[in-house]
Amino acid sequence: MNSTIEKLLNDQIKYEASAAMQYLAMASWADIEGYSGVAEFFYAQSEEERLHMTKLVKFVNERGGKVIVPALEKPKGDFNSLNALFEKFLNSEIFVTEQINHIIYECLQHKDYNVHNFMQWYVTEQLEEEATARTLLDKLNIIGEDKSGHYMFDRDILTIVADAGEAPV
Ligand code: OFO
């Protein structure tokens, strides 16, 4: 495996792992604040990111590369509001998309069409996850400070995601 691509895939393993831990911290915050629907959403999202990480680990090993299981920074655990929570979610997904696009670019530079092909799954996944994050943040912006709106958002979050035809949680 080309060493630049191997390094980028290892970086991506760290980003997916960091997202898994960040979403776990977000789920825990929501649990403590009494938003059980939002907590369930982020617990599921955290599991998804862990799967994304493991999929990369297995792929690098299968291709004869060397995986370096990374140390992670402590995730953000406190949020001022549901809006702040979902802004963090959207920004995290945008960051991951940018990194995936960078890998795709480097694959083309190095003519590594095998990794390029493998990464298409992540491109599709990111499209769905970014759309989910945007949909939910849009809803929260409409709701504003209305507490009963937040109550309904928390009650309906899994339905909102399903209705939008986006990533299953
Ligand atoms: Fe949504 O981060 Fe994984 O791919």
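When a ligand or atom number is given, it counts from 1 through the structure's own listing order. Just so it is clear, the values below take in all heavy atoms, side chains as well, and ignore hydrogens, waters and symmetry mates.
Residue contacts with ligand 1 for E93 involve side-chain atoms from C-beta outward but no N, CA, C or O (heavy atoms, distance under 4.0 Å).
Residue contact annotation: Q126 places an N/O/S atom under 2.8 Å from atom 1 (Fe) of ligand 1.
Nearest protein heavy-atom contact of atom 1 (Fe) of ligand 1 is E129 OE1, 1.9 Å.
Classified by interplanar angle (parallel below 30°, tilted 30° to 60°, perpendicular above 60°), the ring pair H102/Y105 is parallel.
Here is the list of ligand 1 atoms found below 4.0 Å of a heavy atom in H52: 2 (O), 3 (Fe), 4 (O).
The residues D138 and R134 are annotated as not salt-bridged, no charged nitrogen and carboxylate oxygen being separated by less than 4.0 angstrom.
In this structure, K76 satisfies the cation-pi test against F79, with its NZ or CZ atom closer than 6.0 Å to the six-membered ring centre and inside 45 degrees of the ring normal.
Annotation: E73, atom CD; neighbour count of heavy atoms from other residues, nucleotides and ligands within 6.0 Å does not exceed 12.
Rounded to 10°, the angle that OE1 of E49 and OE1 of E16 form at atom 3 (Fe) of ligand 1 is 80°.
Close N/O approach between Y122 and ligand 1 is not found [any backbone or side-chain N/O within under 3.5 Å].
Taking the six-membered ring for Trp and the full ring otherwise, F89 and F42 have centroids separated by under 6.0 Å.
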